Amino acid sequence: MKKLMAAMMAAVLSMSLLTACGSAAEETAPAETATETTEETTTAELTTEEEAAPAEEAAAESSALADGVLNVGTNAEFPPFEYVNDNGEPDGFDIALIKAIGEKLGVEVQVDNMEFASLISSIGSKIDVSIAGMTVTDERKESVDFSNSYYNAVQYVILPEGSEIATADDLKGKAIGVQLGTTGDFIAEEIEDATTSQYNKAVDAVNDLANGRLDCVIIDKNPAMVFEAKFEGKVAAVDGAQFGFEPEDYAIAIPKGDTALADQINTALQELIDDGTFDSLVSQYIEEN
Ligand code: GLN
């Protein structure tokens with residue numbers, strides 16, 4: 001029975017993942033989010049062979065992996081995707097996912113916890129890739145490539161309990177807290193007459209909101225829900241769709257032009273989806289929260 005439930009859940013989740021990728025490809029980035037990478041080629045090659053080649057051998061190895069280490073940048077201020085655990089280590093869905101990818105690729109994963117706004121510029125120098133609940137955007141694609149997307153998100157609006165803010169119009173002229181350099185920050189910048197306060201740590205923004213120093217915080221759905229629970233009774237998280245915010249997709253950022261690494265990561269990601277690991281990480285880190 002438990003097994004059947006697990007299998008059903010896995011089926012539903014992988015369906016929703018596929019839908020997520022599909023709709024993202026249509027809506028925001030037709031050429032790139034899910035289809036631009038060489039994943040299609042890889043899949044085609046794999047299916048013509050008798051047995052699928054493991055991720056480790058799926059493509060010419062990227063030079064980023066030559067030392068046997070994948071250096072990963074994250075910003076561990078974004079629960080449940082990344083946070084610092086009780087042992088002081090970066091942990092969360094993204095961290096578990098990239099470690100599982102590293103295992104498939106036969107490399108050690110080293111996680112570097114840094115500011116979100118520094119991630120993109122560090123890719124290809126200080127770090128090989130970044131996993132940080134990072135939304136695929138056209139602007140970022142000028143500097144980095146992205147893996148296939150692995151999660152579908154939307155910005156939420158966190159409000160003080162009892163706030164009357166309910167529509168996009170209501171946000172005009174308000175004091176808005178965001179995490180520096182995020183898509184929430186970009187949205188806030190476009191809101192007429194709004195004053196944006198940029199924080200390095202999202203939790204500090206929510207803290208200021210709870211203390212009456214802000215009118216709202218704009219941040220991704222899942223962290224918004226974690227913060228709503230953490231500041232229970234003080235704040236409420238509202239779906240950004242109500243404010244006209246568009247769906248977003250998370251992907252791993254990769255050095256521009258490193259198609260070998262993109263191939264390897266995409267193949268490993270697909271294997272983790274196919275073998276159920278991905279869904280069990282979703283249950284463990286996202287649905288439990
Ligand atoms: N998804 C948002 C972005 O990419 C926020 C990510 C984050 O704060 N870690 O900008």
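Just so it is clear, the structure is predicted and the values come from calculations on it, not from any experiment. Counting begins at 1 with the first residue of the sequence.
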For this session: Measure from the side-chain N and O atoms of Lys256 to the backbone N and O of Lys141, and report whether any donor-acceptor pair falls under 3.5 Å.
Result: yes
Problem set entry | Donor-acceptor pair, side chain of Asp128 and main chain of Asn71, under 3.5 angstrom | yes
Problem set entry | Side chain proximity check, Val178 to Tyr199, heavy atoms < 4.5 angstrom | no
Problem set entry | Any side-chain heavy-atom pair of Ser147 and Ile254 under 4.5 Å | yes
Exercise. So do Ser280 and Gln284 actually touch side chain to side chain, heavy atoms under 4.5 Å?
Worked result: no
Exercise. Hey, does Val217 have a side-chain heavy atom less than 4.5 Å from the side chain of Tyr156?
Worked result: no
Exercise. In a check of side-chain contact (heavy atoms from CB on, under 4.5 Å) between Ile191 and each of Thr196, Asp169, Ile218, which one passes?
Worked result: Ile218
For this session: Search all heavy atoms of Val203 against all heavy atoms of Lys230 and return the closest pair with its distance.
Result: CG2-CE, 3.8 Å
Exercise. Which residues pass the side chain to side chain donor-acceptor pair (under 3.5 Å) test with Asp170, sequence neighbours left out?
Worked result: Thr167
Exercise. Do Gln270 and Asp274 have side-chain atoms, one donor and one acceptor, less than 3.5 Å apart?
Worked result: yes
Exercise. Would you call Thr195 and Ile176 a side-chain contact if the rule is heavy atoms closer than 4.5 Å?
Worked result: no
Exercise. Would you say the side chain of Leu70 lies within less than 4.5 Å of the side chain of Val129, judging by non-hydrogen atoms?
Worked result: yes
Exercise. Do NZ/NE/NH1/NH2 and the carboxylate oxygens of Arg213 and Asp208 come within less than 4.0 Å?
Worked result: yes
Problem set entry | Donor-acceptor contact below 3.5 Å, side chain Ser122 vs main chain Ser118 | yes
For this session: Using only heavy-atom distances, determine whether the side chains of Asp94 and Tyr151 contain a donor-acceptor pair under 3.5 Å.
Result: no
Problem set entry | Ser163 side-chain N/O to Ile165 backbone N/O, donor-acceptor pair under 3.5 Å | yes
Exercise. Are Leu180 and Val157 joined in one hydrophobic group, where the rule is that I, L, V, M, F, W and Y side chains link up if heavy atoms are under 4.5 Å apart?
Worked result: no
Exercise. Salt bridge check: are Lys126 and Asp112 linked by an N-O gap of less than 4.0 Å?
Worked result: yes
Problem set entry | Heavy-atom pair with the smallest gap, counting every atom of Glu77 and Ala202 | O-CB, 4.1 Å
Exercise. Is the closest basic N to carboxylate O distance between Lys104 and Glu271 below 4.0 Å?
Worked result: yes
Problem set entry | Check: Phe81 ring centroid to Tyr250 ring centroid under 6.0 Å | yes
Problem set entry | Under 3.5 Å side-chain donor-acceptor pair for Asn75 and Glu115 | no
Exercise. Can you find a pair of side-chain heavy atoms, one from Met114 and one from Leu119, that are under 4.5 Å apart?
Worked result: yes
Problem set entry | Short side-chain to backbone donor-acceptor contact, Asp220 and Pro223, under 3.5 Å | no
Exercise. Do the side-chain N and O atoms of Gln179 and Gln198 include a donor-acceptor pair separated by under 3.5 angstrom?
Worked result: no
Exercise. Is there side-chain contact between Leu97 and Phe278, with heavy atoms separated by less than 4.5 Å?
Worked result: yes
Seminar exercise, completed: Rounding to 0.5 Å, atoms CD1 (Ile95) and CD1 (Ile131) come to a distance of 7.0 Å
